[in-house]
Protein chains: 2
Amino acid sequence: MKTVSRVFNHEPNVRPETRAKVEAAAKALNYRPNPSARSLAGHRSYLIALAYDNPPGHYIMDLMSGVVDACETAHYSMMMRPVDYDSHSHVDVIAECVGQYAPDGILLVPPLTDDAALLARLAEAGTRLAFVSPLDAQARVGARMDERAAVRELMAHLVALGHRRIAHVKGRRDHGATEWRLAGYRDGLRAAGLAYDKSLVIPGEFSFESGSAALQALLALDAPPTAIFAANDDTAAGVMHAALARGLRVPDDLSVCGFDDQPMARQLWPSLTTVRQPVAAMGRIATEQLLLSIRDASAGTMVEVPYALSLRDSTGPVPTRAGRRR
Amino acid sequence: MKTVSRVFNHEPNVRPETRAKVEAAAKALNYRPNPSARSLAGHRSYLIALAYDNPPGHYIMDLMSGVVDACETAHYSMMMRPVDYDSHSHVDVIAECVGQYAPDGILLVPPLTDDAALLARLAEAGTRLAFVSPLDAQARVGARMDERAAVRELMAHLVALGHRRIAHVKGRRDHGATEWRLAGYRDGLRAAGLAYDKSLVIPGEFSFESGSAALQALLALDAPPTAIFAANDDTAAGVMHAALARGLRVPDDLSVCGFDDQPMARQLWPSLTTVRQPVAAMGRIATEQLLLSIRDASAGTMVEVPYALSLRDSTGPVPTRAGRRR
DNA sequence: CTGTTAGCGCGTTCAT
DNA sequence: ATGAACGCGCTAACAG
C-alpha cells in the first residue's frame, strides 16, 4: 500500500490503526523516505536558504544555529548563501541559487532584508521569504527586536551614571539597525533633556576599525564625550582598544557600550556593557515562521523578541575633573 | 536527444559541435539540471556534510566559508551538522544524518576526526570522509597544519624576549591540537635548555573561562611564570582578562600568547601574539580533496598548509625585578 | 478512508 | 558518437 505517503506526511484521513501498522513496518525495515524522490515528485525542495552578507562575524554563527534547529525538527535542510553586498553581485548570486536549488524559502539578513532590487527579483521568482530585523515595517514574516527601545534604556543607564556628553558611533548605511540605534540614541538624549550635538555622532561601519577611528575623532574635539555608545560590539571593541592604547582608563576616564552581546563582550577587558540580542532564538523563530508561510502563503507573522541589557564593567560614573588623568 | 546528459556531466565521447549545440540550446531555454532528479537517478546526493562540535566559535565560520567556496565550484551543496560531542549522542546524530540525507561525503572537524566509535560507524556506512587536523596520522584525505612546529617557533620568540618561566594552558582532552601544542611547548623548552616544570602546565578547555581559571592557579605559585602560552585564542583572552583584572600589565608584567589568530586576536587590548592558522583555506582544501575522493576512492590526499606567526603587543621582554609593580 | 495509476527529470543501459 | 527505453522512489489525482 502506498498510503505510507500519507502517514509520513502527517496527513489527516488515516485510520490510527493503519497508521500504526505503517509506522511499525517502517521501523522494522528501517525505512527512510528518500529526500530526492520526495522533492522530485512533490515539486518541493525541502530546503531553505540562509542568505547573508559576509562581514557580520559571530552573528551569523548564532543565527545559523537557530535556523538549523528549526529546520531539523521540520525535516528541512538549510543551505548557506553568503554574498558580497558591496560588490552588487549579490542579486545575481541569490537568483542563481534560487534557479539552481529552488529552495522553498529564503531567510534574509540585513542589509539584504531591505534591498529593493533583490526583493523585486525574488518576488518575481515567487519564493517565500522571511526577514530577520527588516527595516521595512511591511515585512510580514520573520523576527525582529525593538532595538530603539533597547538603546533608549541603555542611554538612560548612562544618564543615570551622570553622563551628559554622550557620543554615538553609527553603523553601516542601509542597515535598519543603524537607524533604530540612532533613533534610540536621540530618544535617550531627549528623555534626559540633552541637546543633540552632531559633532558627537560619528559615522561607522559596524567594524572594529571604524570604532578605533571614531575614538580618534572624538578625542580631537574641544569637549570630548565622557561616554560613547557604539552601534555594535565590534565597534565598541575598536573604541575601547583605541582608548586604552591612548592611556585612557575604561570606565574611569571613559564609558563605552555596544550592542549585540556577542561572546566577545564578556571577554574584553573591561567587560562590555551592551544590549543582549537573542540572535539564535531569532533565527529559530524566523525559520519557523518561514516554514509556516511555505505551507500556507497567508500564514506566518513577524515575531518580536525581547531584549535585555547586559550591564558590565565598561560603563561607570562620569569622571570628575580632578579624577581625570593625562 | 538525451545526449545532453553527457554534456552536462562533462563526459567524453561527445563531438565538440554537438556539445556546442546542446550548450547553446541550454542557454537559450535557460535550462538548469534539476538536482533532485539527478540525485534520484544517479544514486548520489551531491551533498557534503560538515560535522562539528558546537563550541569552536569563529573557527567554524571560517572553515565553512572555505567549504562553501569549494562546494560551489563543484556544484555540490553543503549541509551543517552540529553535534554535542560531550553528550555522546553525536554518533547517532551523524549516523541519522547519513541515513536521511546520504551525503556523498562528510568533512570531520576535531575532535570528531579521532572518535573511534564514530569512524567505525561511518566506515560501515561506506561514506567518504575527509579530515581537518586529524590526530591520526593515517587519515588520508583532508588538510592539516604543522601545529607543533608553529608552537616551537612561538616559544623561540618568547625565549628570545628573555622568558625562562613559561607556562602553558592546555586544550581539551582528545583534541589532536592539545597534543601537538603541548609537544611544541616541550620542544621549545628543550631547544632553550629549559626544564619541563609540570606545575607550569595547567589543564584547559579551549575556553575563555578555563584561561581565567588557569591564570589564578599560576599566580598562586611561589614562582609565577613571566609568560603564558595558551592553547588557543579564547583561552589566551581569558588569561589576559584575568591578569588585567588583577592589576597586572600585559606585556610589562606578563606576556601572553595564543593560537588560531581569530579576528578577536587583533581586537583585544593589548592585541594578541598568536599563530595564524589559515582555517578558511583548510576548509576549502579539505573539501576539494574530499570531492576528489568521492569521484575516485583512491584519490585525494592530506594537504599540509603553512602557518605564520602573528607577533603583536601581548608579548614583550621579560620584566626586570625592579620594574615589577604590585 | 484506502489502493491504483501516472508521471516528476534525469542517469543508465542497450541498440544503432 | 548518439538515441530510445526503462526505472530511481516518491507524490498527486483519482477511483474505489
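To find a chain, count down the sequence lines: A is the first, B the second, and so on, and within it residues start at 1.
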Is there a side-chain contact between B:R32 and A:E96 (heavy atoms, below 4.5 Å)?
->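 Yes; the side chains approach each other to less than 4.5 Å.
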
Rounding to a whole Å, what distance do you find between A:D104:CG and D:dT11:C1'?
-> 14 Å

Nearest-Å distance for atom pair NE2/P, residues A:H75 and D:dT11 | 13 Å

Can you identify which nucleotide, out of [options], has its nearest atom closest to the [X] side chain?
| X | options | result |
| --- | --- | --- |
| B:L40 | C:dC8, D:dC8, C:dC10 | D:dC8 |
| B:R38 | D:dC8, C:dG9, C:dG11 | C:dG11 |
| A:N34 | C:dC10, D:dG9, C:dT12 | D:dG9 |
| B:R44 | D:dG7, C:dT12, D:dC10 | C:dT12 |
| B:H43 | C:dC10, D:dT11, D:dC8 | D:dC8 |
| A:Y31 | D:dC10, C:dC10, C:dC8 | D:dC10 |

Between A:S45 and A:D104, do the side chains contain an N or O donor and an N or O acceptor separated by less than 3.5 Å?
-> yes

side-chain contact (heavy atoms from CB on, under 4.5 Å) between B:L107 and B:V132, intermediate numbers included | CA-CA 7 Å; B:L107 193 58; B:V132 174; 4.3 Å; yes

Describe, in one word, how the ring planes of A:F206 and A:H175 are oriented to each other, choosing from parallel (under 30°), tilted (30 to 60°) and perpendicular (over 60°).
-> perpendicular

